[in-house]
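Okay, structure first, notes after.
Bear in mind that the values here come from a model prediction, so they are computed numbers and not experimental data.
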Amino acid sequence: MTNYTTSRSGFGYFFHGIELALSPGIRRFVIMPLMANIILVGGALFYLFSHLDSWITQWVGQLPEFLSWLSYLLWPLLVLTILATFSYFFSTLANFIAAPFNGLLAEKVEEHLTGQKVNEDGIMSVVKDTPRILAREWRKLVYVLPKAIGLFLLLLIPALGQTLGPVLWFIFTAWILAIQYCDYPFDNHKVSFNDMRYSLKQKQGKAYGFGALVSLFTTIPILNLIVMPVAVCGATSMWVNEFKK
């Protein structure tokens, strides 16, 4: 059993997630979320990199002539925005498919950290609970979708969208990813979605820091293929240290 009483920063919880994902006894529960992420996100990124250059050229070409000098600044912002958007969308899809396995992984990480059983029924409880887990994923999607559509429409506004949009999108993605991954350990204890969001708002610095690092890693090729189980492990460490008591 690991000593779990050390509070960390949001960044620190992400890196602790890497350590936990590689721990003996945890690695076997990482395999299914990892495979789901590799298949979906890997395929999406292959398609993305085949079209990225033409998309950005077309987007920057919409700037008014007097703002053409901004194109040099916008290229890296737009690359990050498109990467983050694609990675987030397909990570969300992978999370939906892998939700029961992510919940099981969060359960085993918590048991590893605390030495206390979370659920006495083991793998069968996960099977029986799958419809409720998927309904919870749908609840998260309903929360995210209107905000994501609003930000996407902002990105389509010439000049304003290409400058302000990427910054707002990154902040939004950091918050949503914190919600996405912290929800697994909260849900294992049947904490409602609204109560979970309220709890995270009480420690926004840690939540945004954790989500920002997850967001950054989802934009880095290869590393983004392993980010899902690492984020689940890190979020569970945050639950145990910051919220469980």
Original post:
Just how far is it from atom CG of L105 to atom CG of L34, taken to the nearest 0.5 Å?
Top reply: 10.5 Å
Subject >> Flag side-chain contact, heavy atom, 4.5 Å: S237 against E19 >> reply: no
**OP:** Measure the CG-CD distance between L177 and Q180 for me, rounded to the nearest 0.5 Å.
**Re:** 7.5 Å
Original post:
Are F172 and V167 joined in one hydrophobic group, where the rule is that I, L, V, M, F, W and Y side chains link up if heavy atoms are under 4.5 Å apart?
Top reply: yes
Subject >> From CD1 (I176) to CD1 (I171), nearest 0.5 Å >> reply: 12.5 Å
Subject >> Heavy-atom pair of closest approach, residues A207 and A178 >> reply: O-CB, 3.3 Å
Subject >> Which residues share a salt bridge (charged side-chain N to carboxylate O under 4.0 Å, His left out) with K140, sequence neighbours left out >> reply: E137, D183
Original post:
Under a single-linkage definition using a 4.5 Å side-chain heavy-atom cutoff for Ile, Leu, Val, Met, Phe, Trp and Tyr, are M35 and F217 assigned to the same hydrophobic cluster?
Top reply: no
Original post:
Distance-only, no hydrogens or angles: does the S192 side chain make a donor-acceptor pair with backbone N or O of D195 under 3.5 Å?
Top reply: yes
Original post:
Shortest non-hydrogen contact from A212 to F170?
Top reply: O-CZ, 3.8 Å
Original post:
Is L20 close to L113 at the side-chain level, that is, under 4.5 Å between some pair of heavy atoms?
Top reply: yes
**OP:** Check R136 against D187 and note the closest heavy-atom contact, atom names and distance.
**Re:** NH1-OD1, 3.5 Å
Original post:
Any chain of hydrophobic side-chain contacts (each under 4.5 Å) joining Y184 to I31?
Top reply: no
Original post:
Considering all heavy atoms of both residues, which atom of I26 and which atom of A21 are nearest to each other, and what is their separation?
Top reply: CG2-CA, 4.2 Å
Original post:
Which distance, rounded to the nearest 0.5 Å, do you find between the OG1 of T236 and the CG of N188?
Top reply: 7.5 Å
Subject >> Minimum side-chain heavy-atom gap H189-W239 below 4.5 Å >> reply: yes
Original post:
Can you check whether F210 and Y181 have ring centres sitting under 6.0 Å from each other?
Top reply: no
Original post:
Measuring from R28:CZ to K108:NZ, what's the distance to the nearest 0.5 Å?
Top reply: 7.5 Å
**OP:** State whether a side-chain donor-acceptor pair under 3.5 Å links E242 with Y13.
**Re:** yes
Subject >> Check ion pair E110-K244 (N to O, under 4.0 angstrom) >> reply: yes
**OP:** Kindly indicate whether the side chain of F193, heavy atoms from C-beta on, has any atom under 4.5 Å from the side chain of I179.
**Re:** yes
Cut-off 3.5 Å, no hydrogens considered: what does the side-chain donor-acceptor table look like for residues 142-158, sequence neighbours left out?
unit_1: Y143; atom_1: OH; unit_2: W175; atom_2: NE1; d: 3.2
unit_1: K147; atom_1: NZ; unit_2: Y143; atom_2: O; d: 2.9

Subject >> Inter-residue atom distance C233.SG - F15.CZ, 0.5 Å rounding >> reply: 14.5 Å
**OP:** Give a yes or no answer on whether the side chain of N102 reaches the backbone of V232 with a donor-acceptor pair at less than 3.5 Å.
**Re:** no
Original post:
Are F11 and V240 grouped together when hydrophobic residues (ILVMFWY) are joined by side-chain heavy atoms under 4.5 angstrom apart?
Top reply: yes
**OP:** Would you mind reporting whether Q202 and F243 have side-chain heavy atoms less than 4.5 Å apart?
**Re:** no
Subject >> Nearest heavy atoms of V191 and M196, plus distance in Å >> reply: CG1-N, 4.0 Å
Original post:
Would V227 and F14 satisfy side chain to side chain contact (heavy atoms under 4.5 Å, CB included), going step by step from the backbone distance to the final call?
Top reply: CA-CA 10 Å; V227 74; F14 179 84; 3.9 Å; yes
